[in-house]
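First up is the structure itself, then whatever we jot down about it.
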Amino acid sequence: MSDEPKKPTVPEKEKKAKADAAAPAPEAKGAKPEAKDAKHEGKDAKHEGKDAKHAKKAGPAEAAGADAAKPLEAPAPVAPTAAELLGEDPNAKKIVKAKHAKNIVSGIANILATFNNTQVTITDAQGNLIGWSTAGRVGFKGSRKSTAYAAQMVAQDAARQAMAHGMKEVEIRVKGPGSGRESAIRALQAIGLEISSIKDVTPVPHNGCRPRKKRRV
């Protein structure tokens, strides 16, 4: 017998061909790792971008930390204004000059403070009316008209009318025993009028007419 190798039969050749066709090419096998490397490179680039953003944010944060390390200086105390002491609203309506302004610089402020109401009348030196107001005109009713707050609002309303005509200086004349005497004077001063003098002109009898009988409470 001879030692020559056996030649493959036809069915064996067909099997080998099918196996070779089913096996992936060496280039195709190597392509998959390349694609994975490309994905990893993209992720690395994203991470680098995020790190750069964090570095930018860290700059102001570090500056803020440096500012926080500095000792804070206490703000200088601000003295309250006269309007704040009187409880005046800072957003109150501003004084607008009247169309037919009389341009009267100085005048007289007459304050009538009774037990039930407060009236403020501002005139010029001759007694001609410039501005007036009462508790009812400002919007108070009943027992609220006799309060000190109502007198303050009344004085401010009358002063705005007078200042619209150029009033800057007033002489105050107070009449009556009501509770709105002092608050009305303070309100006139707080709104910006200069007070030249204050007089009490409450009428006092020198045993003249017979008084009314005493009130029984």
Problem set entry | Ile172 with Ile130, same ILVMFWY side-chain cluster at under 4.5 Å | yes

Problem set entry | Pairwise distance CD1(Ile104) to CD1(Ile122) - rounded to 0.5 angstrom | 11.0 Å

For this session: To the nearest 0.5 angstrom, please state how far the CE atom of Met167 sits from the CG atom of Asn103.
Result: 11.0 Å

Problem set entry | Nearest-0.5 Å distance, NZ of residue Lys145 to CD of residue Gln119 | 9.0 Å

For this session: Give the cluster check for Ile198 versus Leu193: same hydrophobic cluster or not, with ILVMFWY residues linked at side-chain heavy-atom distances below 4.5 Å.
Result: yes

Exercise. Do you reckon Val105 sits in the same ILVMFWY cluster as Val170, going by side-chain contacts under 4.5 Å, direct or chained?
Worked result: no

Exercise. Is the number of heavy atoms from other residues, nucleotides or ligands under 6.0 Å of Arg144 CZ greater than 12?
Worked result: no

For this session: Determine the minimum heavy-atom distance between Ser133 and Asp157, stating which atoms define it.
Result: OG-OD2, 2.9 Å

Exercise. In terms of hydrophobic clustering (I, L, V, M, F, W, Y; side-chain heavy atoms under 4.5 Å; direct or indirect links), are Val201 and Leu188 co-clustered?
Worked result: no

Exercise. Is there side-chain contact between Glu171 and Lys199, with at least one heavy-atom pair below 4.5 Å?
Worked result: yes

For this session: Heavy atoms only: give me the nearest Ala184-Ala155 pair and the separation to one decimal.
Result: O-CB, 3.5 Å

Problem set entry | Intermediate values then yes/no, side-chain contact (heavy atoms from CB on, under 4.5 Å), Thr118 and Arg181 | CA-CA 8 Å; Thr118 303; Arg181 291 162 58 98; over 6 Å; no

For this session: Could you tell me the separation between the NZ atom of Lys175 and the OG1 atom of Thr202, rounded to the nearest 0.5 Å?
Result: 8.0 Å

Exercise. Measuring from Ser183:OG to Tyr149:OH, what's the distance to the nearest 0.5 Å?
Worked result: 11.5 Å

For this session: Could you pull out the closest heavy-atom pair between Val138 and Met153, with the gap in Å?
Result: CG1-CB, 3.8 Å

Problem set entry | Minimum heavy-atom distance between Ser146 and Ser179, given as atom pair plus value | O-OG, 2.7 Å

Seminar exercise, completed: One should read off an interatomic distance between Thr121 OG1 and Leu112 CG, to the nearest 0.5 angstrom, of 8.0 Å

For this session: Tell me yes or no: between the side chains of Thr114 and Asn116, is some donor less than 3.5 Å from an acceptor?
Result: no

Exercise. Taking C-beta and beyond as the side chain, do Val120 and Gln156 meet within less than 4.5 Å on heavy atoms?
Worked result: no

For this session: Using side-chain contact (heavy atoms from CB on, under 4.5 Å) as the criterion, list what pairs up with Glu169, not counting sequence neighbours.
Result: Ser106, Glu194, Ser196

Exercise. Between Ile185 and Ile108, is there a shared hydrophobic cluster once you connect ILVMFWY residues whose side-chain heavy atoms come closer than 4.5 Å?
Worked result: no

Problem set entry | Any side-chain heavy-atom pair of Ile191 and Arg160 under 4.5 Å | yes

Exercise. For Trp132, what are the other residues in its hydrophobic cluster, where any two members join if their side-chain heavy atoms are less than 4.5 angstrom apart?
Worked result: Leu129

